[in-house]
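Structure first, commentary second.
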Amino acid sequence: MKILVTGGAGFIGSNLCERLLDEGHTVLCVDNFITGSIDNIQAFIDHPRFTFLQHDVTQPFESDAEVIFHLASPASPVGYLEHPIETILVNSVGTHRMLELARKNNARFLISSTSEIYGDPLVHPQSEEYWGNVNSIGPRACYDESKRLGETLVMEYYRQYQINVRIVRIFNTYGPNSALEDGRMIPNFITQALKNEPITIYGDGNKTRSITYVSDLVEGLMRAMFSPNTTGEVFNLGSSEEHTVLEYAQMIIRLCNSSSEILFETSRVDDPERRRANTTKAQQILGWERKVSMEDGLRQTIEWFSKRIGQYSTIS
Ligand code: NAD
């Protein structure tokens with residue numbers, strides 16, 4: 001099929017493009033590199049079924065795609081705090097443009113939303129029915145609230161024009177092709193541990209997170225896009241294995257054979273206390289569940305990071 005991936009030079013997008021090419025699809029990747037990198041698509045940039053367009057998706061462009069994965073958006077706090085207006089625009093104007101394209105082409109459409117739409121959740125774990133607890137004027141709102149608006153736009157295109165849409169709320173994902181210092185927990189900890197630098201924990205380390213390896217996430221995106229009974233549906237994709245931030249730091253130090261110490265710094269504004277996906281719906285409708293264990297995923301990620309950092313590291 002002819003498939004458009006916006007944000008295809010980013011962490012998740014580049015892993016998705018690779019998977020789509022492996023499955024025989026023709027891929028148009030559109031990215032303006034605001035947080036992505038050419039390095040992420042270098043391995044397949046000359047592939048005969050791959051086309052890259054450096055472009056901002058808030059601006060018009062033509063495509064005859066039959067399937068649209070709309071992933072473009074800064075995703076890490078470092079990215080969206082540096083580019084708050086661009087983040088709002090890509091999730092609102094950019095989403096509107098991609099929905100219009102889906103309408104014109106009669107294409108299948110998927111938007112990558114986020115667990116951040118649940119804000120600092122008052123319900124635990126979070127299922128798709130939970131409406132969230134978001135501060136609409138805080139520094140993170142450029143991301144949370146624009147993703148919420150993006151979801152609203154998608155559902156209006158579904159209700160008004162019967163476009164073949166689905167929303168995927170992605171929880172913390174990690175793996176190869178994530179930016180080394182993108183500010184998120186796993187890339188930060190691995191980079192610091194491999195360099196034997198102090199590991200920075202914001203807060204006392206007792207906040208909890210659940211993490212998903214990128215190949216599992218990509219499998220979930222594929223199933224959400226192509227499985228029956230997904231039109232107009234919302235799916236959480238994440239892990240139900242919950243650990244404290246301190247436990248992640250300790251595990252990464254161990255796997256990297258690192259001598260890093262742990263430094264505790266002031267919590268970031270509006271950083272949620274607990275985050276864990278309820279993925280019952282994805283299991284039931286998509287038959288999706290996590291395959292890669294946390295330790296295996298972390299080992300593969302550490303190996304990739306250590307090559308990128310270009311410094312020898314023994315994986316225990
Ligand atoms: P990323 O920053 O690595 O990738 C996003 C890509 O979108 C980048 O390559 C960036 O250059 C591109 N982009 C941004 N604005 C653009 C624009 N206006 N036009 C064209 N390209 C643009 O982030 P990621 O982690 O790969 O996230 C991908 C998607 O998944 C995002 O929509 C994000 O909100 C969502 N998500 C990711 C996570 C996670 O843990 N990684 C969690 C929840 C949701």
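Each ligand, and each atom within it, is numbered from 1 in the order the structure gives.
- For ligand 1, the polar-atom distance check against Val57 finds a nitrogen or oxygen pair separated by under 3.5 Å.
- No heavy atom of Glu86 sits closer than 4.0 Å to any atom of ligand 1.
- Judged as a ring pair (Phe, Tyr, Trp, His ring centres under 6.0 Å), and not counting sequence neighbours, the contacts of Tyr174 are Tyr213.
- In summary, the atoms of ligand 1 found under 4.0 Å from a heavy atom of Asp56, numbered by their order in the structure, are 17 (C), 18 (N), 19 (N).
- Close approach of ligand 1 to Asn32 is summarised as follows: ligand atoms under 4.0 Å from at least one heavy atom of the residue are 11 (O), 13 (N), 14 (C), 15 (N), 16 (C), 17 (C), 18 (N), 19 (N), 20 (C), 21 (N), 22 (C).
- Side chains of Glu151 and Ser113: a donor-acceptor N/O pair is present below 3.5 angstrom, by distance only.
- By the 4.0 Å heavy-atom criterion, Tyr143 is counted among the residues contacting ligand 1.
- Nearest heavy-atom pair across Ile88 and Cys142 is CG1-O, 3.6 Å.
- Assignment of His70 to the shell around ligand 1 is not supported, since no heavy atom sits closer than 4.0 Å.
- Among Ser146, Ser113, Ala75, Pro187, the residue whose heavy atom lies nearest to atom 44 (C) of ligand 1 is Ser113.
- Of the N or O atoms in Ser37, none lie within a sub-3.5 Å distance of an N or O in ligand 1.
- Under the 4.0 angstrom criterion for non-hydrogen atoms, Gly94 is not in contact with ligand 1.
- Ring geometry for Phe226 against Phe69 counts as perpendicular: the plane angle is over 60°, on a 0 to 90° scale with 30° as the lower cut.
- Residue Ala72 places no N or O, backbone or side chain, under 3.5 Å from any N or O of ligand 1.
- Checking side-chain atoms of Arg108 against main-chain N and O of Asn164 turns up no donor-acceptor pair under 3.5 Å.
- Of all atoms in ligand 1, numbered sequentially from 1 with element shown, those under 4.0 Å from a heavy atom of Val90 are 15 (N), 16 (C), 17 (C), 18 (N).
- Looking only at heavy atoms of the protein, atom 40 (O) of ligand 1 is closest to Thr173 N, 2.9 Å.
- When only modelled atom types and interatomic distance are considered, Thr279 and Asn236 share no side-chain donor-acceptor pair under 3.5 Å.
- The distance from ligand 1 to the heavy atoms of Ala9 drops below 4.0 Å at these ligand atoms: 9 (O).
- The shortest heavy-atom contact between Ser260 and Ala193 is OG-CA, 3.4 Å.
- Under a 4.0 angstrom heavy-atom cut-off, His55 registers as being in contact with ligand 1.
- Remark: the Ser239 side chain and the Glu241 side chain contain no N/O donor-acceptor pair separated by less than 3.5 Å.
- Each of the following atoms of ligand 1 lies closer than 4.0 Å to a heavy atom of Phe33: 11 (O).
- The ligand atoms of ligand 1 that sit less than 4.0 angstrom from a heavy atom of Asn172 are 40 (O).
- In this structure, the protein non-hydrogen atom closest to atom 5 (C) of ligand 1 is Ser73 O, 3.3 Å.
- Across the listed options Ile34, Leu237, Leu16, Thr35, Thr35 owns the non-hydrogen atom lying nearest to atom 2 (O) of ligand 1.
- Ring geometry for Phe44 versus Phe50: interplanar angle over 60°, hence perpendicular rather than tilted (30 to 60°).
- Counting heavy-atom neighbours within 6.0 Å of Gln283 CD, excluding the residue itself, gives a total above 12.
- You'll find the side chain of Thr208 stays beyond 4.5 Å of the side chain of Arg276, heavy atoms only.
- Of the listed residues (Leu53, Val78, Leu71, Ile170), the one carrying the non-hydrogen atom nearest atom 28 (C) of ligand 1 is Leu71.
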